[in-house]
A.B. asks: 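Below is a structure I'd like to ask you about.
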Amino acid sequence: MSAAGVVDDYLGMLLATPVERAPAPAASAVSAAQPAVTTAPPPVLAAQASPVPAVPPAPSVVAEAPPAPAPRRAAPSAVPPAARIAIAPLARVPGEVRDATPAAPQPRRSADRLARWLRLRCGAQAYAIELLKIREVVLPSPLLALRGAAPCLGGVMNLRGQVVPVVDLGLQLGAAAVEETALTRIIVLDDGGDVLGLRVSAVEDVVLIGDAQIEGTHTSRLAPVGDHRIRGIARLGGMVTLLLDSAKLMAIPLFPPR
């Protein structure tokens with residue numbers, strides 16, 4: 001007998017044997033024997049849950065700084081009526097006429113005027129010339145003598161291509177001639193293009209002199225009488241200084257009339 005036949009016989013024997021089944025218990029006994037089971041609701045799957053709508057991000061808002069509060073003005077203090085002073089209007093004089101136009105400014109007096117003067121010496125005497133008429137002060141240079149000129153005219157010099165007549169101030173004022181020293185200078189005057197050199201013993205400094213400090217030649221006993229070349233006298237530092245008029249010095253003829 002083959003193996004396949006053996007298997008078929010064995011299966012036939014198993015199928016022919018009756019199977020005894022146990023009686024089914026009563027329904028009441030089964031229900032009493034089994035404990036009460038509470039049926040829980042089926043779990044909700046994450047996939048079956050209703051989708052929650054996504055909340056959009058809040059827009060970024062830049063908070064603006066509130067405007068600075070305006071400064072509070074101090075409330076005017078209440079003045080009691082008793083502290084107030086009533087100002088009565090000025091009584092108007094009958095027939096008085098008031099001019100509404102402002103008064104014109106008063107002109108400055110001549111005594112308030114200040115001028116700069118160059119102090120110099122001619123011998124032992126102190127003089128001063130207003131700085132407004134002085135072009136420059138130079139060292140002495142060789143002079144070219146002119147025939148027939150006045151005794152006070154020492155000659156002419158070449159000042160950067162310009163011919164300048166040079167006068168000895170001592171001789172012009174009737175004093176001794178100026179001696180040649182290391183302090184000797186020539187003061188060049190300029191008045192409207194006319195130039196004149198004054199030979200002096202020394203040049204000192206520049207001072208401010210007001211018109212109130214100037215004494216007239218007709219009131220001072222120290223001024224030469226009748227000399228129109230002297231503008232006035234000033235007392236500076238206890239020293240009497242004769243103020244020269246540059247216009248009158250330049251108007252003196254350098255050649256005698258023929």
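Nothing here was measured: the structure is a model prediction, and the numbers come from that model.
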A.B. asks: Indicate the atoms forming the closest heavy-atom contact of Pro165 with Leu153, along with that distance.
C.D. replies: CB-CD1, 4.0 Å

A.B. asks: Could you work out the complete set of other residues in the hydrophobic cluster of Leu236, with links drawn between I, L, V, M, F, W and Y side chains under 4.5 Å apart?
C.D. replies: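 Once heavy-atom contacts under 4.5 Å are chained together, Leu236 belongs with Trp117, Val207, Ile209, Ile214, Leu243.
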
A.B. asks: Calculate, to the nearest 0.5 Å, the distance between atoms CD1 and CG belonging to Ile230 and Leu242 respectively.
C.D. replies: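 If I round to the nearest 0.5 Å, the distance is 5.0 Å.
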
A.B. asks: Just jot down the salt bridge (Lys or Arg N to Asp or Glu O under 4.0 Å) partners of Asp194, sequence neighbours excluded, or say none.
C.D. replies: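 Counting only residues at least two positions away or on another chain, Asp194 forms no salt bridge (Lys or Arg N to Asp or Glu O under 4.0 Å).
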
A.B. asks: Could you list the cluster mates of Met157? Members are the ILVMFWY residues connected by side-chain heavy atoms closer than 4.5 Å, either directly or through other members.
C.D. replies: Val138, Leu143, Leu159, Val164, Val166, Ile186, Val188, Val195

A.B. asks: Which atom names give the shortest non-hydrogen contact between Leu171 and Pro151, and what distance separates them?
C.D. replies: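 Smallest interatomic distance, heavy atoms only, reads CD1-O, 3.8 Å.
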
A.B. asks: Less than 4.0 angstrom from a charged side-chain N to a carboxylate O is my criterion; do Arg199 and Glu179 meet it?
C.D. replies: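 No, Arg199 and Glu179 are not salt-bridged.
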
A.B. asks: Can you tell me how far CG of Leu196 sits from CG of Leu189, rounded to the nearest 0.5 angstrom?
C.D. replies: 5.5 Å

A.B. asks: Is there a donor-acceptor contact under 3.5 Å from the side chain of Asp168 to the main chain of Val178?
C.D. replies: yes

A.B. asks: Please confirm whether the backbone N or O of Glu130 pairs with a side-chain atom of Ser246, one donor and one acceptor, at under 3.5 Å?
C.D. replies: no

A.B. asks: Does Arg229 reach the main-chain N or O of Gln172 with its side chain, forming a donor-acceptor pair under 3.5 Å?
C.D. replies: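 Here the side-chain-to-backbone pair exists.
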
A.B. asks: For residues Arg185 and Leu139, determine if any side-chain heavy atom of one lies less than 4.5 Å from a side-chain heavy atom of the other.
C.D. replies: yes

